[in-house]
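Notes follow the structure.
Just the heavy atoms: all of them, side chains too, but no hydrogens, waters or symmetry mates, feed the values below.
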Amino acid sequence: MDSAGQDINLNSPNKGLLSDSMTDVPVDTAVAAQTPAVEGLSEAEEEELRAELAKVEEEIVTLRQVLAAKERHCGELKRKLGLSALEGLKQNLSRSWHDVQVSNAYMKTSEKLGEWNEKVTQSDLYKKTQETLSQAGQKTSAALSTMGSAISRKLGDMRWDAIAAALWDTCFGHLSHTVQLLHPPLDKHAGHE
């Protein structure tokens, strides 16, 4: 039978037939016949139990086929709606997380953690530790701020020193050159007189 056109009706005469893609591990009747009956069971009771077992196994096979058909149909619907596997995963995770959050265990744990948090934050040790850490943070912040200002000031000074030196060289370098042109050194003229 074609798995795509498979009859999923539980009352169908075709129920229990496996598709090509579905396999099941059947009970080996030869092994079952060799297995000694449980003491206290008559042959008729044993036969009745074996028949019921066969019927339940057949129903399991049918349910697997129905589930596979439903999953295929669900996949086709999702594909037609443009829903990706990622969307389904996100929905499943969201639903699962919601289920966890409303579970009794989660609620009791959250309540207990809230109580512990309240006790810890109200304890003297916690308050002293918090105060000490707060003061240490303030002192560290002030020290870093002071150090940052000093570094900034020093870099600024260095920059202005470099600018002043460049201006000095530019201005007075030209001035020095101009003075030399206007007033040449005496020893150069001494040989020409």
Side-chain angles (χ1 to χ4, degrees), residues 1-138 140-141:
M1 174 183 273
D2 181 351
S3 64
Q6 181 176 357
D7 187 357
I8 59 171
N9 184 349
L10 292 178
N11 295 322
S12 168
N14 297 323
K15 77 176 182 180
L17 296 177
L18 288 175
S19 67
D20 293 339
S21 63
M22 299 281 299
T23 58
D24 196 14
V25 180
V27 172
D28 188 354
T29 54
V31 172
Q34 293 173 356
T35 306
V38 177
E39 292 184 28
L41 286 180
S42 68
E43 239 181 82
E45 290 172 328
E46 183 181 345
E47 195 58 41
E48 184 180 325
L49 289 175
R50 290 193 189 281
E52 186 177 345
L53 175 62
K55 181 180 175 187
V56 168
E57 287 177 339
E58 183 179 317
E59 289 173 356
I60 290 171
V61 169
T62 302
L63 290 173
R64 285 182 181 156
Q65 291 174 345
V66 169
L67 178 61
K70 294 280 186 187
E71 286 176 340
R72 277 192 304 276
H73 185 65
C74 179
E76 290 171 13
L77 291 173
K78 285 181 177 180
R79 185 183 48 78
K80 288 179 181 177
L81 290 171
L83 299 176
S84 67
L86 183 60
E87 288 295 321
L89 179 63
K90 286 194 308 190
Q91 288 176 352
N92 287 342
L93 287 175
S94 178
R95 191 176 315 118
S96 296
W97 179 242
H98 179 267
D99 291 346
V100 166
Q101 287 179 318
V102 297
S103 71
N104 285 337
Y106 181 87
M107 293 172 83
K108 286 179 182 177
T109 302
S110 293
E111 184 179 318
K112 196 58 143 174
L113 287 174
E115 290 172 8
W116 288 349
N117 183 43
E118 184 70 25
K119 287 178 183 177
V120 167
T121 56
Q122 297 304 318
S123 72
D124 289 337
L125 179 61
Y126 176 83
K127 289 177 182 177
K128 288 177 184 176
T129 303
Q130 183 182 27
E131 184 179 324
T132 302
L133 290 175
S134 177
Q135 290 173 357
Q138 290 171 355
T140 303
S141 177

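- The distance from atom OG1 of Thr132 to atom NZ of Lys128, rounded to the nearest 0.5 Å, is 9.0 Å.
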Worked verdict on Glu115 versus Lys112 for side chain to side chain contact (heavy atoms under 4.5 Å, CB included): CA-CA 5 Å; Glu115 290 172 8; Lys112 196 58 143 174; 3.6 Å; yes
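- We find the CG-NZ distance between Leu77 and Lys70 to be 10.5 Å, quoted to the nearest 0.5 Å.
- Of the possible polar contacts, one joining the Ser103 side chain to the Val100 backbone as a donor-acceptor pair under 3.5 Å is found.
- Here the closest heavy-atom approach between residue Gln101 and residue Met107 is recorded as O-CG, 3.6 Å.
- Judged purely by atom type and a 3.5 angstrom limit, Thr109 uses its side chain to pair as donor or acceptor with the backbone of Ala105.
- Lys78 contributes atom NZ, which lies 9.5 Å from atom CD of Glu71 (distance to the nearest 0.5 angstrom).
- Summarising the local packing, CD of Gln122 is surrounded by more than 12 heavy atoms from other residues, nucleotides or ligands at distances under 6.0 Å.
- Using modelled atom types, no side-chain atom of Ser94 and backbone atom of Lys90 make a donor-acceptor pair closer than 3.5 Å.
- In this structure, OG1 in Thr62 is found 12.5 Å from CG in Leu67, a value given to the nearest 0.5 Å.
- Counting non-hydrogen atoms of other residues, nucleotides and ligands closer than 6.0 Å to CD of Glu48 gives a total of 12 or fewer.
- Distance check, rounded to the nearest 0.5 Å: CG of Leu125 to CD of Gln130 gives 11.5 Å.
- For Tyr106, the ring-ring contact (aromatic ring centres under 6.0 Å, His included) partners at least two apart in sequence or on another chain are Trp97.
- Environment of CD in Gln135: crowded, with over 12 heavy atoms of neighbouring residues, nucleotides or ligands closer than 6.0 Å.
- Distance NZ/Lys55 to CD/Glu57: 13.5 Å, rounded to 0.5 Å.
- Look at Glu46 and Arg50 and you find a salt bridge, because one of the NZ, NE, NH1 or NH2 atoms lies within 4.0 Å of a carboxylate O, short of that distance.
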